[in-house]
Amino acid sequence: MSSARPRVAVIGLGSVGSMAAWRLASRGADVIGYEQFGIAHDRSAHGGESRIFRTAYFEDPEYVPLLRNANTLWRQLEAATHTELLTLTGHLMLGDVSSTQMANVSTSIDQFGVDAAVIPRDEARSRWPQHPIRDDDIVVLDREGGYLRPELAVLHAARRAEALGAQLRTYTTVEGIDTRDDGVWVNSAGQAERYDHVVITTGPWAGKFLPDLAPVIDVRRPVSAWFVAKERGLFDPATFLCFLRATPAEWYGLPAMDGSGVKLGLSGEVNSPVADPDTLDRTVSVDEVQTFRALAAEFFPDLYPDPVRVTAYMEGYTPDGHGLVGQARDEDRVTIATGLSGHGFKLAPALGDITADYALTGSSDNNLALLDPNRFPTAPTAPVDK
Ligand SMILES: Cc1cc2nc3c(=O)[nH]c(=O)nc-3n(C[C@H](O)[C@H](O)[C@H](O)COP(=O)(O)OP(=O)(O)OC[C@H]3O[C@@H](n4cnc5c(N)ncnc54)[C@H](O)[C@@H]3O)c2cc1C
């Protein structure tokens, strides 16, 4: 590092970037953040009012320590900003006992002591009558689960970063970076600025920003649909638990934050591809609406089946469904955290803290093998000016 107080740029102030700016500023860095839109805008991966938090992790039990770090940091951000961001009402995982997902949930419980348990079906039906529990479902209650408020979280992390001295430049697109002997140069608005370290958190734009990543990141367009309850109060956020169903296609639901009903979403490849994140088609087709309508009608007779609101967002998925977090190949002054594959919001503060580890100390104590950004043949090399 060339100065006692390292100068760090964060490119992309969405879910992870806002948290990176906060963590870096609170750990003493001189932070400049760049965001092409406003803070907590509605055009990328973090819109739609709610995100699930869960700890009995079906994607891989190795996430559990990271999830616990994230939980601690969510609480720190709440305390620092006097804002409730994470509400742990519990999370239900529903699925087939023989699935890999359920095996991972069970390892999370056995190996890491996650506070979760299998609930007998009859008991589950009487405790959560709104939930569609079928005769072949196994039901796991994750008491370390609940929901997050993504826009508030991004906004407050960014504001907290500013309160700690970070400068955030909104409506400022970074065109590229250039690694030189004297530092990493960030090119934006016709000017180049020098930094000791650059953190790249450009989310769905990662492949566009770092062309080496384009073959590794498949940008998709998840749709969310909101439904209204026939009886007010039945799906109240305090009592209606978020859930994820793996049977075998994955889909999930959360209470609507105003208590009016439920938000449903579909995971992964059923979501259509996005050719260019700059031209995301946000119009939800009648066919897409019909898919949601059929799902609601089949599983939730207590909801009116026509969605009252539908929205399309974007996310970058990697081939194995795990993010890319760490230093760029051959360039330890550039850290990336992206490709979070549809499940990264809950991890955002922990990932932001990891980018601060790399920027400030050159390494991280977290076990990040699963997220190694260089595990695919085409991995991020030292980025060059575009
Ligand atoms: C509909 C939906 C539901 C989801 N549900 C869940 C869930 O329940 N639980 C969960 O944990 N995760 C969930 N996820 C996943 C989670 O939301 C994402 O993994 C996470 O938001 C990705 O964060 P990010 O920082 O990579 O991207 P973003 O939050 O999109 O941030 C990237 C930012 O970079 C900015 N940017 C890009 N390029 C540039 C540039 N050149 N210059 C300046 N700024 C730039 C963008 O404008 C954007 O603000 C869901 C995702 C979607 C889309």
Side-chain angles (χ1 to χ4, degrees), residues 9-21 33-55 57 59 63 67 70 74 86 91 145-148 150-151 153-154 157-158 168-177 186-189 199-210 217 219-225 242-244 250-254 263-268 271 274 277-278 280 310-318 321-325 336-352 355 386:
V10 179
I11 303 175
L13 297 172
S15 320
V16 184
S18 63
M19 303 292 156
Y34 295 86
E35 169 54 52
Q36 64 185 343
F37 301 126
I39 300 296
H41 61 83
D42 198 39
R43 311 175 187 205
S44 183
H46 54 269
E49 88 173 12
S50 57
R51 289 290 183 271
I52 294 175
F53 187 94
R54 54 198 158 79
T55 308
Y57 219 56
E59 288 86 349
Y63 281 94
L67 290 159
W74 283 120
L86 170 63
H91 173 263
Y147 58 85
L148 286 153
E151 295 90 346
V154 168
L168 306 185
R169 299 181 187 165
T170 53
Y171 302 99
T172 306
T173 302
V174 174
E175 282 107 35
I177 64 173
V186 170
N187 303 311
S188 167
V199 172
I200 300 176
T201 46
T202 46
W205 281 264
K208 201 159 177 175
F209 190 72
L210 298 177
I217 297 208
V219 183
R220 299 253 161 191
R221 173 184 165 281
V223 172
S224 303
C242 319
F243 71 94
L244 200 147
E250 287 159 18
W251 56 281
Y252 56 87
L254 303 97
K263 177 180 98 168
L264 297 179
L266 311 173
S267 301
N271 297 304
V274 176
D278 285 328
L280 169 70
V310 284
T311 55
Y313 296 102
M314 272 189 294
E315 169 72 320
Y317 294 80
T318 64
H322 303 298
L324 305 170
V325 180
I336 62 167
T338 192
L340 300 176
S341 303
H343 58 107
F345 197 85
K346 62 182 83 57
L347 293 162
L351 300 181
T355 68
K386 289 200 287 185

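Read the numbers this way: they start at 1 and go in the same order the structure lists the ligands and their atoms.
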Original post:
So which heavy atom on M314 is nearest to which on R43, and how close?
Top reply: CE-O, 3.4 Å
Subject >> From N271, V219, I217, residue fulfilling side-chain contact (heavy atoms from CB on, under 4.5 Å) relative to Y317 >> reply: N271
Original post:
Under a 4.0 Å heavy-atom cut-off, what residues line ligand 1?
Top reply: G12, G14, S15, V16, Y34, E35, Q36, F37, H41, S44, A45, H46, R51, I52, T172, T173, V174, T201, T202, G203, P204, W205, F209, P222, S224, Y252, Y313, M314, E315, L340, G342, H343, G344, F345, K346
**OP:** Tell me yes or no: between the side chains of Y147 and K263, is some donor less than 3.5 Å from an acceptor?
**Re:** no
Original post:
Quick one: side chain to side chain contact (heavy atoms under 4.5 Å, CB included) partners of T172, sequence neighbours excluded?
Top reply: Y34, R169, S188
Original post:
Considering residues at least two apart in sequence or located in another chain, which fulfil the side chain to side chain contact (heavy atoms under 4.5 Å, CB included) criterion with T201?
Top reply: V10, V16, V199, A337
Original post:
Who are the side chain to side chain contact (heavy atoms under 4.5 Å, CB included) partners of E49, not counting sequence neighbours?
Top reply: E151, W226, A256, M257, R309
